[in-house]
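For reference, the structure is listed below as structure tokens.
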Amino acid sequence: MNRYNPLAIESKWQKIWEDSDAFKADDTSKKPKKFLAEMFPYPSGAGLHVGHVRNFTIVDVLARYYSQKGYNVLRPFGYDTFGLPAENYAIKTGVSPKVATDTNVKNFRNQLKKLGYAIDWSREINTSSPEYYKWTQWCFLELYKKGLAYQKESYQWWCPVDQTVLANEQVENGHCWRCGSEVEKKKMKQWFFKITAYADELLSDVDALDWPDKIKTMQKNWIGKSVGAEINFDNITVFTTRPDTIYGATFLVLAPEHPLIKDLVTDKTRKEVEEYCKNAIKKSEIERQENKEKTGVFTGSYATNPATKEKIPIWVADYVLMGYGTGAIMAVPAGDERDREFAEKFNLPIVEITKVPETPFGTPKTTYRMRDWLISRQRYWGCPIPIAYDSDGNPHPIPEDQLPVMIPEVEDFKPDNSGRSALAKATDWLKVTIDGEEMTRETDTLDGYACSSWYLWRYASPHCATAAWDEKAINYWEPLDIYCGGDHAVAHLLYVRFWCKFFADEGKLPFREPIMKLLYNGYINAPDGKKMSKSKGNVIDPLDVINDGYGADTLRTYEMFIGPYDQDAAWNPRSVGGVYRFLNRCWTLVFGDGAGANGSLAAQHGGYGRVLGAEPRNDGREDTGDVSEPSRKALLNKTVKKVTDDIERAAFNTAISSLMEYVNELYKVGASEEDLITLGKLLKPFAPHLASEMLEQLNADDTWPEYDEKYLVADTVEIIVQVNGKLRAKLNVPADDLKNQAKIEELALSDPNVQKFVPGKPKKIIYVERAKLLNLVA
RNA sequence: GCCCGAGUGGCGGAAUUGGUAUACGCGUUCGACUUAAAAUCGAAUGGUCUCUACCAUAUGGGUUCAAGUCCCAUCUCGGGCACCA
């Protein structure tokens with residue numbers, strides 16, 4: 001007896017797709033293009049998890065849907081391979097990050113193929129391959145040439161025991177993640193990208209994007225535009241958004257890092273102020289957050305309030321941040337809660353604001369919360385910054401013809417105790433000659449987000465050897481039509497917009513926004529509703545689900561059925577079984593005993609399938625295989641419309657539920673060949689292997705079915721009759737009568753149940769043809 | 001603290017423009033098939049109640065012929081930001 005055997009069907013089709021390069025995108029096609037991508041993954045040693053599967057399947061459903069619809073689809077794949085896990089693994093085991101990464105990529109690729117994704121494998125990219133990072137370095141130099149990559153002294157986490165720089169995520173509650181000792185801040189020269197140069201445009205262009213409001217709001221808040229004024233209090237400039245409250249300003253507060261403090265202290269206050277500043281600067285942001293209790297010291301100096309002409313004291317406090325505005329504020333305790341708290345603690349005057357200045361004060365000024373993007377990483381496993389220093393310590397770009405600056409092979413991957421990455425251990429590599437001058441290479445590498453800030457453009461021409469991206473390919477494919485991911489709401493999605501605007505200004509991209517539509521998917525949690533984690537032992541391995549016998553089609557369809565794509569969902573093993581049952585029913589319709597082992601149902605039954613009559617019913621009900629042609633057509637067309645509309649609006653869960661309804665109905669009324677072909681086509685984006693098998697058996701292609709409006713209109717319609725908004729009767733009338741309100745009213749009023757609730761003449765009658773509803777007000 | 005989002009059966013969820021609340025799936029129950037079980041197929045399944053009636057979409061108000069959907073207030077949960085002047 002035939003049985004649905006997903007694993008056999010899936011390996012068969014995966015081989016066919018692989019052998020035929022089935023998903024290769026055509027760079028010159030005249031068909032309309034669709035370019036879709038997921039946020040490319042960091043290939044961890046653990047392999048794919050169910051969250052990846054959700055993310056990638058959404059893209060796959062859309063990619064397959066659009067190619068079935070006749071679009072020229074580009075659906076590439078890549079790996080974000082630089083990063084700390086590989087480096088830490090290397091430090092621990094001595095295995096080179098390159099070797100470990102290659103293994104992980106290979107594993108990911110095999111797993112992706114087991115899921116049947118419609119990926120154009122000829123476009124695979126990998127950010128740690130020299131042919132890729134050569135162009136990341138080129139991007140850096142473009143920014144450098146325009147002054148948008150620059151160096152600045154900045155504080156960096158430093159572990160005094162390990163003698164090493166730490167990344168933010170390696171600091172846990174102010175302690176080194178490895179040795180547990182308290183970390184310090186160390187002032188070091190660091191590279192930055194001047195993203196703030198684009199703050200205004202990044203903000204104003206957000207609104208027009210077809211992105212979730214949540215992400216748009218987060219980006220806006222992150223950029224954090226404030227319009228205010230700068231006002232001089234003698235030689236101290238403050239920033240305020242409320243210049244109108246200046247009559248209430250009773251003291252000034254400077255950030256501990258403020259450069260003027262040293263000039264303001266007196267012999268009496270110097271020691272105390274210096275001590276305070278030193279401690280405040282050393283404090284981590286976490287500590288500043290934890291301790292909201294106001295602290296501060298008086299500098300000993302006074303400034304003049306330009307409005308009241310009064311002398312007001314100048315204080316230093318760590319609740320004022322050097323990185324925002326001017327690093328100095330006028331404190332208005334009567335108007336600002338923080339200033340009030342500070343004034344109360346230190347007994348400073350609180351003066352009600354009785355007067356508003358007649359003329360606007362100071363210079364209008366706009367500031368942003370967003371800071372420039374710190375890109376220096378003192379790490380080995382990253383893209384080397386293509387810079388060298390001359391004997392005076394001045395930076396020079398590595399000439400373009402010397403790119404890529406390759407990552408040197410080293411034995412020991414630990415950063416050294418000078419705060420430099422392991423690159424500093426490659427002594428030969430460090431030396432470089434530029435224009436005849438011997439120089440020393442930069443040992444910092446780039447933040448991984450730099451590598452992912454341009455990969456979407458590389459996808460258009462991933463093997464282009466003469467440029468980061470080929471102009472023709474960019475013009476054809478870009479910008480990206482649909483991007484899907486569940487992370488990086490601000491960082492990556494802001495950086496890629498920043499680079500896009502920069503390269504557009506350079507004339508290298510013909511658009512100013514890189515991503516037209518964003519689908520931001522939710523997480524998949526463990527069956528207990530908690531986050532999956534190795535330590536909790538509640539991880540569901542997607543490959544286990546496949547190999548348990550459910551197969552990739554069930555896994556994919558289940559993850560699309562689990563709930564709205566943008567909401568978090570908990571894994572439910574029983575529901576996986578339900579989806580498997582559904583696919584099994586689909587299979588049975590075409591291949592089951594009732595369908596006959598050879599040939600389609602239509603061939604066997606001369607038009608109508610089932611299944612019908614092939615097995616006698618044993619449930620005592622009549623076979624309804626002779627259901628009328630119009631109602632059969634109505635069902636089919638209704639389903640095509642529903643599934644099409646649902647995929648378009650990314651409602652994958654309801655698309656699948658309407659396919660389930662369709663199948664349930666076909667079991668009752670029998671399936672025609674057209675029904676089965678339509679089912680196969682509609683099912684293919686979700687369960688491509690099974691659907692391909694069905695369509696092959698039925699001798700059909702996979703073109704997306706069209707629906708015909710005329711079949712959606714049934715010959716009879718059901719009218720809802722309400723009394724005072726409550727359902728009291730349902731009327732079945734010929735469709736033509738929908739226009740005839742008088743007749744419907746008459747029918748409704750003659751219904752005995754309606755008469756019970758409407759004893760006399762109704763006070764008011766509302767008829768809504770669109771909703772097929774009549775409401776009588778009694 | 002501020003800014004978003006959400007709250008619907010035993011469970012996941014559906015209801016797209018204010019118009020039949022609970023689609024679809026899980027679970028449960030019953031039936032068919034079977035020596036039996038599994039699988040499969042069919043039926044039932046919000047609550048109260050014998051009466052096809054009343055009550056139910058977090059809570060309390062409101063607007064409307066009509067509210068899960070709109071407005072106001074409250075509670076709970078989730079996410080983001082967190083001394084940004």
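We name chains A, B, ... by the order of the sequence lines, and we start the count at 1 in each one.
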* Can you name the side-chain contact (heavy atoms from CB on, under 4.5 Å) partners of A:Glu665, sequence neighbours left out? -> A:Leu635, A:Lys668, A:Val669
* Can you list the residues that meet the side-chain hydrogen bond (donor to acceptor under 3.5 Å, both in side chains) rule with A:Ser658, with sequence neighbours excluded? -> none
* To do: Taking side-chain hydrogen bond (donor to acceptor under 3.5 Å, both in side chains) as the test, write out the residues that go with A:Gln755, two or more places apart.
  => none
* Structure fact -> Note, RNA chain B 5' to 3' with Watson-Crick or G-U pairs under 3.5 Å encoded as ( ), [ ], | and . gives (((((((..(((......[....)))((((((.......))))))(((....)))..(((((..]....))))))))))))....
All N/O contacts under 3.5 Å from nucleotides 17-20 of chain B to the protein, with atom names and distances to one decimal?
{"unit_1": "B:G19", "atom_1": "N2", "unit_2": "A:Asn775", "atom_2": "ND2", "d": "3.4"}
{"unit_1": "B:U20", "atom_1": "O2", "unit_2": "A:Lys730", "atom_2": "NZ", "d": "3.2"}

* To do: Scan A:Arg728 against the nucleic acid and name what it touches under 4.0 Å (heavy atoms): base, sugar-phosphate only, or nothing.
  => sugar-phosphate
* Structure fact -> Sequence neighbours excluded, the answer for side-chain contact (heavy atoms from CB on, under 4.5 Å) partners of A:Trp211 is A:Leu209, A:Ile215, A:Lys216, A:Gln219, A:Leu493, A:Arg497, A:Ile515, A:Leu518
Please list, for nucleotides 9-13 of chain B, all pairs of protein and nucleotide N/O atoms separated by less than 3.5 Å.
{"unit_1": "B:G12", "atom_1": "O2'", "unit_2": "A:Ile562", "atom_2": "O", "d": "3.3"}

* Under 4.0 Å between any heavy atoms, over every strand shown, what does A:Tyr767 touch: base, sugar-phosphate, or nothing? Just pick one. => nothing
* Using the test ring pair (Phe, Tyr, Trp, His ring centres under 6.0 Å), find all partners of A:Tyr580 that sit at least two apart in sequence or belong to another chain. => A:Tyr4, A:Tyr550
* To do: Output every pair passing side chain to side chain donor-acceptor pair (under 3.5 Å) with a member in residues 721-733 of chain A, not counting sequence neighbours, ordered by first then second residue.
  => none
* When all nucleic acid strands are considered with a 4.0 Å heavy-atom cut-off, which category describes A:Asp646: base, sugar-phosphate, or nothing? -> base
* To do: Would you kindly give the CZ-to-P distance between A:Arg340 and B:A85, to the nearest whole Å?
  => 19 Å
* salt bridge (charged side-chain N to carboxylate O under 4.0 Å, His left out) partners of residues 746-755 of chain A, not counting sequence neighbours, each pair once -> none
* At under 4.0 Å between heavy atoms, what does A:Lys225 touch on the DNA or RNA strands: base, sugar-phosphate, or nothing? -> nothing
Donor-acceptor pairs under 3.5 Å, side chain of residues 762-771 of chain A to any protein atom, not counting sequence neighbours: which ones?
{"unit_1": "A:Lys763", "atom_1": "NZ", "unit_2": "A:Ala778", "atom_2": "O", "d": "2.9"}
{"unit_1": "A:Tyr767", "atom_1": "OH", "unit_2": "A:Leu738", "atom_2": "O", "d": "2.7"}
{"unit_1": "A:Glu769", "atom_1": "OE2", "unit_2": "A:Lys739", "atom_2": "NZ", "d": "2.8"}

* To do: Please work out if A:Arg574 contacts a base, only the sugar-phosphate, or nothing of the nucleic acid, heavy-atom cut-off 4.0 Å.
  => sugar-phosphate
* Does the B:C65 base have a donor-acceptor partner in the side chain of A:Lys763 within less than 3.5 Å? -> no
* **Presence of donor-acceptor pair under 3.5 Å, side chain of A:Lys756 and base of B:U52** => no
* To do: Please work out if A:Gly578 contacts a base, only the sugar-phosphate, or nothing of the nucleic acid, heavy-atom cut-off 4.0 Å.
  => sugar-phosphate
* To do: List for me each residue that meets ring pair (Phe, Tyr, Trp, His ring centres under 6.0 Å) alongside A:Trp571, sequence neighbours excluded, and say none if there are none.
  => A:Tyr558
* Determine the interplanar angle of the A:Phe652 and A:Tyr565 rings, folded into 0 to 90°, and report it as parallel if under 30°, tilted if 30 to 60°, perpendicular if over 60°. => perpendicular
* To do: Under 4.0 Å between any heavy atoms, over every strand shown, what does A:Arg649 touch: base, sugar-phosphate, or nothing? Just pick one.
  => base
* To do: May I ask you to say what A:Asn664 touches in the nucleic acid, namely base, sugar-phosphate or nothing, with a heavy-atom cut-off under 4.0 Å?
  => sugar-phosphate
